[in-house]
Amino acid sequence: MASNIAVIGTGYVGLTTGACLAHIGHDVICADVDQHKVERLNQGELPILEDGLEEIVRDAMSAGRLRFVLGAANAVADREFVFLCVPTPQGEDGSADLSYIQDAATEISPHLLSEAIVINKSTVPVGSTRVVERALRRPDVSVVSNPEFLREGSAVHDFLHPDRVVIGADDQAAAIRVASLYLSLAAPLMVTDPASAETIKYASNAFLAAKISFVNAIAAVCEAVGADVADVVLGMGYDKRIGQEFLRPGPGWGGSCFPKDSHALVHIAENAGYQFSLLEGVIEVNEQQFDRVVDKVRVAAGGSLDGVRIAAWGLTFKARTDDTRDSPAIKIIGRLQAQGAEVIAYDPAIHHDIAGITVAADPYAVCEGAAALVVLTEWDEFKWVDLEKVGAALAKRRIVDARNLMDRNRLRQAGFDYQGIGRS
Ligand code: UDX
Ligand code: UDX
């Protein structure tokens, strides 16, 4: 049964949420404060790279079930459901900044239908449902938590094929109404209280970040004891309780969620009286991982980075996205530059200089005269490059593969000094 829905905020989360809700049959109005973004979206132009999203947006728009307006107040008048997908950035003290959520709630309050339901899709700290209720001052409007579990690069797939839909509500009738929006997805659906729903989101992201920090620490152990982390992870992952997923060693984790959400959860716990030292350790290991990669590049470049030219493949926080927010690649390049290196980067999704980094047009030009090449993002195209062209461009055939992406044997046969993560 189709419902009238508004989505406030059309970023990675809001645009995917609005387009997919329209795709499964609902009537959706999306609102944003960015006029240029609203105009481009109404032309069917997407400001973000997400597999399958452009097609879904265009189909839903031509079916008349999706449109974009400027300003939240213009989106909610006849809407039964209003999803809040505005940013919850990390504040100075590590806590989540809820000002956008509060502003959006205050703005829409006078325009909401009676019995409308406001839904927190943004990742918000435990207790935020109350914050929105207070900002709305509408006892006839329910507030429900419905956290997103979308991975960038596969956000459309993750929305349409969720492992679970989580709904946190005090009012069971409101929970059932929100659950009805997702019935066509035939996914596991759980209803709980708001605090538990909000905690599920943070705990899930923190656990995933912990898995990655754990495997990066195991990679360091492997290097020290002469083991191969690829085989160690394979051997671990056969245990269904561990699994193979999210155990790929790399340069450290980043993006717009893990860093923000892990710091927020430490802060939430501390405020509630629990010192979350395990999660603080997960964050610390991640910081150390950036420095481990920098050290590998320094050694590959002969022991010093001062005045040395380094080529970097990858700027985005992971492959198949154009998002560079909190990218480990950019953090590591910054630390290389801080030690005097002149770093040039190439990334298939980035076509302009960024964060004080010169960006080259192709993976070969970026290698011209460089003392070493470092692989920071796992774009498939790096696996298929012409190694002779790469070797001819580099001043020395030295490569640090921070994603264990490349074929180590092929590179060594082509005369490269190859360094990976957690393997000799
Ligand atoms: C962000 C956070 O990353 C995520 O953790 C949270 O759950 C939701 O917000 P994302 O979609 O990645 O998700 O943010 P972003 O890509 O920055 O998009 C936010 C959008 O909201 C932007 O288009 C911005 O213009 C818009 N916005 C921001 C509003 O419409 N109103 C505001 O008050 C502030
Ligand atoms: C994450 C969660 O996966 C998603 O459920 C949540 O809704 C939002 O945050 P996202 O940040 O888009 O999604 O990307 P993800 O694929 O989780 O990767 C996060 C970081 O971990 C990236 O920097 C990635 O390169 C890194 N990573 C991931 C690893 O280093 N190793 C892995 O095995 C997996």
Side-chain angles (χ1 to χ4, degrees), residues 7-18 30-38 40-41 47-48 50 68-72 75 83-90 96-108 120-124 128 146-155 158-159 162-164 200-202 204-209 211-216 219 233 237 243-262 264 286 289 314 316-331 376-378 402-405 421:
V7 174
I8 313 302
T10 59
Y12 287 89
V13 172
L15 183 55
T16 304
T17 298
C30 292
D32 204 290
V33 291
D34 179 334
Q35 180 162 357
H36 180 57
K37 186 179 276 194
V38 169
R40 282 180 62 192
L41 285 165
I48 58 172
E50 267 301 340
F68 302 90
V69 298
L70 181 64
F83 282 84
L84 299 182
C85 298
V86 294
T88 50
Q90 185 179 327
D97 170 1
L98 291 181
S99 57
Y100 295 122
I101 291 263
Q102 287 168 302
D103 293 351
T106 306
E107 181 183 346
I108 64 177
N120 267 341
K121 178 61 79 176
S122 295
T123 303
V124 292
S128 299
N146 173 219
E148 50 89 8
F149 300 101
L150 308 177
R151 287 166 299 169
E152 287 188 33
S154 56
D158 292 348
F159 188 101
D163 290 336
R164 75 301 204 186
I200 288 169
K201 171 64 188 175
Y202 277 108
S204 299
N205 269 8
F207 183 78
L208 291 167
K211 260 192 117 171
I212 299 164
S213 281
F214 184 82
V215 76
N216 285 336
V233 163
Q244 302 285 354
E245 294 275 312
F246 263 69
L247 282 176
R248 295 190 312 276
W253 40 263
S256 70
C257 293
F258 282 3
K260 166 174 71 70
D261 296 350
S262 53
N286 199 51
Q289 192 68 4
T316 54
F317 81 99
K318 65 174 188 173
R320 287 172 298 287
T321 177
D322 59 354
D323 198 347
T324 58
R325 288 177 292 183
D326 261 327
S327 169
I330 291 181
K331 285 212 171 84
L376 295 170
T377 306
E378 71 288 12
R403 293 281 185 169
N404 289 348
L405 176 75
I421 298 277

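In listed order, ligands and their atoms are each counted from 1.
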Chemist: How long is the straight-line distance from CG of N216 back to CD1 of I421, given to the nearest 0.5 Å?
Modeler: 7.0 Å
Chemist: Nearest heavy atom to atom 1 (C) of ligand 2 wins, so pick from F258, F246, F149.
Modeler: F258
Chemist: If I apply the N/O under 3.5 Å rule, does T123 come out as touching ligand 1?
Modeler: yes
Chemist: Only one of T16, D32, D34, T17 passes side-chain hydrogen bond (donor to acceptor under 3.5 Å, both in side chains) with T10; say which it is.
Modeler: D32
Chemist: Can you sort out which atoms of ligand 1 are near V86, meaning under 4.0 Å from one of its heavy atoms?
Modeler: 8 (C), 9 (O), 29 (C), 31 (N), 32 (C)
Chemist: As an exercise, identify every atom of ligand 1 less than 4.0 angstrom from a heavy atom of K37.
Modeler: 22 (C), 23 (O)
Chemist: Check ligand 2 against L247 and write out every atom of the ligand that is under 4.0 Å from a heavy-atom position of the residue.
Modeler: 33 (O)
Chemist: Would you say that Y100 contacts T88 through its side chain, given a criterion of any heavy-atom pair below 4.5 Å between the two side chains?
Modeler: no
Chemist: Taking CZ in F149 as the centre, count heavy atoms belonging to other residues, nucleotides or ligands within less than 6.0 Å. Is the count above 12?
Modeler: yes
Chemist: Can any side-chain N or O of N120 pair as donor or acceptor with the backbone N or O of L84 at less than 3.5 Å?
Modeler: no
Chemist: Considering the heavy atoms of G9, write down every atom of ligand 1 situated less than 4.0 Å from one of them.
Modeler: 21 (O), 30 (O)
Chemist: When you compare ligand 1 with Y12, is there at least one nitrogen or oxygen pair between them that comes in under 3.5 angstrom?
Modeler: yes
Chemist: Could a heavy atom of I8 be found less than 4.0 Å from some atom of ligand 1?
Modeler: no
Chemist: Check for a donor-acceptor pair, side chain of E378 on one end and backbone N or O of A319 on the other, with a separation under 3.5 Å.
Modeler: yes
Chemist: Quick check against the 3.5 Å criterion: does T321 have a side-chain atom that pairs as donor or acceptor with the backbone of G153?
Modeler: no
Chemist: Could you give the distance from CZ (F258) to CG (L208), rounded to the nearest 0.5 Å?
Modeler: 4.5 Å
Chemist: Regarding atom 25 (O) of ligand 2: of the candidates R403, K201, R320, which has the closest heavy atom?
Modeler: R403
Chemist: I'd like to know if C257 contacts ligand 2, where contact means a heavy-atom distance under 4.0 Å to any ligand atom.
Modeler: yes
Chemist: So, does D103 sit close enough to ligand 1 that a heavy atom of it is under 4.0 Å from the ligand?
Modeler: no
Chemist: Please could you name the atoms of ligand 1 that S256 approaches to less than 4.0 Å, counting only its heavy atoms?
Modeler: 3 (O)
Chemist: Ignoring hydrogens and angles, tell me if any N or O in the side chain of S122 forms a donor-acceptor pair with the backbone of V124 under 3.5 Å.
Modeler: no
Chemist: When only distance counts, is R325 in polar contact with ligand 1, meaning an N/O pair under 3.5 Å?
Modeler: yes
Chemist: Has ligand 2 got any nitrogen or oxygen that is less than 3.5 angstrom from a nitrogen or oxygen of G250?
Modeler: no
Chemist: Do R320 and E152 meet the salt-bridge criterion of a basic N to acidic O distance under 4.0 Å?
Modeler: no
Chemist: To the nearest 0.5 angstrom, please state how far the CG atom of D261 sits from the CD atom of Q90.
Modeler: 9.0 Å
Chemist: Where on K211 is there a heavy atom closer than 4.0 Å to ligand 2, on the side chain, on the backbone, on both, or on neither?
Modeler: neither
Chemist: Applying side-chain contact (heavy atoms from CB on, under 4.5 Å) to F68 and L15, what does each step give before you reach the verdict?
Modeler: CA-CA 10 Å; F68 302 90; L15 183 55; 3.6 Å; yes
Chemist: Please report which non-hydrogen protein atom sits nearest to atom 15 (P) of ligand 2, along with the residue it belongs to and the distance in Å to one decimal place.
Modeler: K318 NZ, 3.7 Å
Chemist: For atom 3 (O) of ligand 2, find the nearest protein heavy atom and state the residue, atom name and distance (0.1 Å precision).
Modeler: R151 CG, 3.1 Å
Chemist: Check L150 against ligand 2 and report side chain, backbone, both or neither, counting heavy atoms closer than 4.0 Å.
Modeler: backbone
Chemist: How many angstroms lie between atom NZ of K260 and atom CZ of R325, to the nearest 0.5 angstrom?
Modeler: 8.5 Å
Chemist: Got the closest protein heavy atom to atom 30 (O) of ligand 1, with its distance?
Modeler: V33 N, 3.3 Å
Chemist: Provide, to 0.1 Å, the distance between atom 27 (N) of ligand 2 and the closest protein heavy atom, together with that atom's residue and name.
Modeler: I212 CD1, 3.5 Å
Chemist: Please report which non-hydrogen protein atom sits nearest to atom 13 (O) of ligand 1, along with the residue it belongs to and the distance in Å to one decimal place.
Modeler: V13 CG2, 3.5 Å
Chemist: Calculate, to the nearest 0.5 Å, the distance between atoms OG1 and CD belonging to T106 and Q102 respectively.
Modeler: 7.0 Å
Chemist: Looking only at protein heavy atoms, identify the closest one to atom 11 (O) of ligand 2 and say how far it is in Å.
Modeler: F317 CE1, 3.7 Å
Chemist: Could you give the distance from OG1 (T316) to CG (D322), rounded to the nearest 0.5 Å?
Modeler: 8.0 Å
Chemist: Of all heavy-atom pairs between R403 and K318, which one has the smallest distance, and what is that distance?
Modeler: NH2-CA, 4.2 Å
Chemist: So which protein heavy atom does atom 33 (O) of ligand 1 come closest to, and at what separation?
Modeler: Y100 CD2, 3.5 Å
Chemist: Who gets closest to atom 31 (N) of ligand 2 by heavy atom: R248, E378, K260?
Modeler: R248
Chemist: Would E152 count as a contact of ligand 1 if the rule is a heavy atom under 4.0 Å away?
Modeler: no
Chemist: Numbering the atoms of ligand 1 from 1, which are under 4.0 Å from a heavy atom of P87?
Modeler: 1 (C), 9 (O), 19 (C), 21 (O), 28 (C), 34 (C)
Chemist: Among all protein heavy atoms in this structure, tell me which lies nearest to atom 18 (O) of ligand 1, with the distance rounded to 0.1 Å.
Modeler: G11 CA, 3.1 Å
Chemist: For G14, is at least one N or O under 3.5 Å away from an N or O on ligand 1?
Modeler: no
Chemist: Is ligand 1 less than 4.0 angstrom away from at least one heavy atom of A104?
Modeler: no
Chemist: Can any side-chain N or O of K211 pair as donor or acceptor with the backbone N or O of L247 at less than 3.5 Å?
Modeler: no
Chemist: Which option, N120, D326, D32, N205, owns the non-hydrogen atom nearest atom 22 (C) of ligand 1?
Modeler: D32
